[in-house]
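Below: the structure, in structure tokens.
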2 protein chains.
Amino acid sequence: MHGNIRIGKDERRAAIMEVAREEFLREGYAAASMSQIAAKVGGSKATLYAYFPSKRDLFFAVVDAESATLMDDLYRVDENGTDVRVTLAAFCRRFISLVLSDEVSAFDRIVIAESVRFPEIGQAAHQFGYKRGIDRMEALMRMGMDAGLLRRADPHTAAEYLLNLCSGHLHKLRQWNILSDVPPAQIEAQIALASAAFLALYGNDEMAAEARTFFG
Amino acid sequence: MHGNIRIGKDERRAAIMEVAREEFLREGYAAASMSQIAAKVGGSKATLYAYFPSKRDLFFAVVDAESATLMDDLYRVDENGTDVRVTLAAFCRRFISLVLSDEVSAFDRIVIAESVRFPEIGQAAHQFGYKRGIDRMEALMRMGMDAGLLRRADPHTAAEYLLNLCSGHLHKLRQWNILSDVPPAQIEAQIALASAAFLALYGNDEMAAEARTFFG
DNA sequence: CATATTATGTACTGTACAGTACGGTTTACA
DNA sequence: TGTAAACCGTACTGTACAGTACATAATATG
């Protein structure tokens with residue numbers, strides 16, 4: 001009667017998580033409803049609870065998956081050439097664009113909001129995202145230092161600071177839901193500013209002097 | 001922005017708001033309960049609703065008040081002397097300490113979490129806090145530039161960047177609820193780092209050179 | 001075809017909450 | 001001392017939700 005095509009368990013699970021992801025990201029944990037999710041999946045609540053024993057479990061599954069994919073995007077370092085400056089700029093571009101995107105924004109909001117009730121979430125974001133990302137970037141920093149483009153310093157701290165510089169003014173405005181769409185020109189400006197600030201702090205004397213012309 | 005002041009009975013109103021503030025900051029909007037608040041105030045729900053027509057109104061009243069007091073603390077510039085460097089360092093110390101405190105942390109979390117459902121909140125935080133704070137700091141920047149300690153640049157952008165530099169690594173960890181208590185030594189390190197970074201970017205050549213020794 | 005598994009809709013339980021109704025009680029004050 | 005406003009407790013309405021029960025239908029496997 002209802003020509004429902006039977007699909008494999010994994011696919012159904014994926015479909016549930018996809019819908020749940022949208023609901024949780026848009027509504028937050030409390031306001032998202034299991035009945036709503038079941039309805040949008042097209043199945044029934046009974047089936048939903050057959051796959052995930054509780055709302056909490058579904059939420060955690062979604063957050064873990066999203067954490068893995070997003071963080072993998074966020075902290076990717078494309079070593080696309082020999083020039084460390086190019087790699088650095090490419091990283092800033094990717095990172096800043098993503099940080100200001102709807103998806104990362106929404107996810108970040110959820111993590112911050114729910115990390116009080118569910119501390120595991122904040123720890124996951126830190127351990128599997130941020131920390132791992134910085135570890136990856138250490139290699140990039142070392143390359144720059146070995147090439148003489150960056151000052152000799154603790155590469156871990158340097159990586160940490162690059163990320164810090166990338167999350168700027170626009171990020172705050174997005175967190176407060178003031179900017180819904182960020183004009184590309186502003187993103188470009190933010191990228192240039194973050195790169196320049198980083199080079200002014202960690203670049204060799206020559207690069208730092210050049211970068212400092214950005215500030216004044 | 002929500003001036004609904006009743007004549008007389010100010011103490012009771014204040015008592016309600018004090019309790020509501022604690023509840024909202026600890027539980028968030030959804031999980032905070034009006035019955036709970038009424039009980040903790042010592043009164044009844046009828047009285048509570050006599051003062052605030054709805055949960056939403058009470059929430060807004062609390063957020064507005066908290067916004068005003070917190071932001072006033074956060075963005076205060078103590079011009080306690082003639083030396084701009086001292087004023088600058090004092091500002092960093094005050095700002096960073098407050099940003100990492102329980103109160104500001106909790107409030108920031110609420111604003112981020114609820115600015116989706118209540119966009120007015122994010123706008124209030126921006127308009128009456130952040131924006132106004134930066135306007136105040138512009139004066140400080142101008143002083144530094146006039147004194148020749150800072151490079152000539154747009155004082156507004158410079159002020160914006162100082163704030164940006166102050167919200168560092170530790171702020172992220174607090175947002176994710178990983179650090180509950182921040183060791184004072186780490187706070188001091190963060191203060192020194194932010195000051196140094198700012199001077200390396202916006203300080204005159206002499207100060208910038210000195211500040212850059214911090215990085216490597 | 002027989003049987004075990006899985007999906008289905010519907011309707012239920014229990015709970016928690018915002019907001020209201022109301023009759024009685026305290027307080028302010030004239 | 002009288003009166004009106006403010007307050008109180010309690011119990012209520014209506015709603016929304018997580019999670020469950022159950023009887024039925026579709027599918028797979030043998």
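Note that the structure is predicted; figures quoted are calculated from it, not measured. Values reported hereafter were calculated over all heavy atoms of this structure, with side chains retained and with hydrogens, waters and symmetry mates removed.
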Rounded to whole Å, the CG-C1' distance (A:Asp57 to D:dA18) equals 13 Å
Contacts of A:Leu25 meeting side chain to side chain contact (heavy atoms under 4.5 Å, CB included) (sequence neighbours excluded), chain-then-number -> A:Arg21, A:Glu66, A:Ala106, A:Phe107, A:Ile110
Comparing A:Thr47 with B:Met34, nearest DNA chain C nucleotide closer to 5' gives the residue A:Thr47
With a cut-off of less than 4.0 Å, is there a side-chain N or O of A:Arg56 near OP1 or OP2 of D:dG19? no
To the nearest angstrom, the CD1-P distance between A:Ile37 and D:dG19 comes to 11 Å
Q | Check: B:Lys55 side chain, B:Ala32 main-chain N or O, donor-acceptor pair, under 3.5 Å | A | yes
note: A:Leu58, atom CG; D:dG19, atom P; distance rounded to Å ~ 10 Å
Sorted by chain and residue number, the ring-ring contact (aromatic ring centres under 6.0 Å, His included) partners of A:Tyr75 (sequence neighbours excluded) come out as A:Phe95
With 3.5 Å as the limit, what N/O pairs link the protein to nucleotides 9-15 of chain D?
none

Exercise: do A:Asp64 and A:Ser67 side chains pair donor with acceptor under 3.5 Å: no
Review point. Going by atom types alone, do A:Ser115 and B:Arg109 pair a side-chain donor with an acceptor below 3.5 Å?
Key: yes
To the nearest angstrom, the CG-C1' distance between A:Leu48 and D:dC17 comes to 14 Å
Contact check, residues 17-33 of chain B vs DNA chain C, heavy-atom distance under 4.0 Å, returns B:Ala32, B:Ser33
note: B:Phe52, atom CZ; C:dT20, atom P; distance rounded to Å ~ 16 Å
Separation of D:dT20 atom P from A:Tyr51 atom OH, nearest Å, is 18 Å
To the nearest angstrom, the OH-C1' distance between B:Tyr49 and D:dC8 comes to 17 Å
Point to revise | B:Gln190 side chain vs B:Cys166 backbone, donor-acceptor pair below 3.5 Å | key: yes
Hey, is the side chain of B:Arg12 poking within less than 4.0 Å of OP1 or OP2 on C:dT27, counting only N and O atoms?
no
Residues at least two apart in sequence or cross-chain that pass side chain to side chain contact (heavy atoms under 4.5 Å, CB included) with A:Ala31, listed by chain then number, are A:Glu27, B:Arg117
Is B:Gln127 close to B:Arg132 at the side-chain level, that is, under 4.5 Å between some pair of heavy atoms?
no
Sorted by chain and number, sequence neighbours left out, side chain to side chain contact (heavy atoms under 4.5 Å, CB included) with A:Ala46 holds for A:Ser44
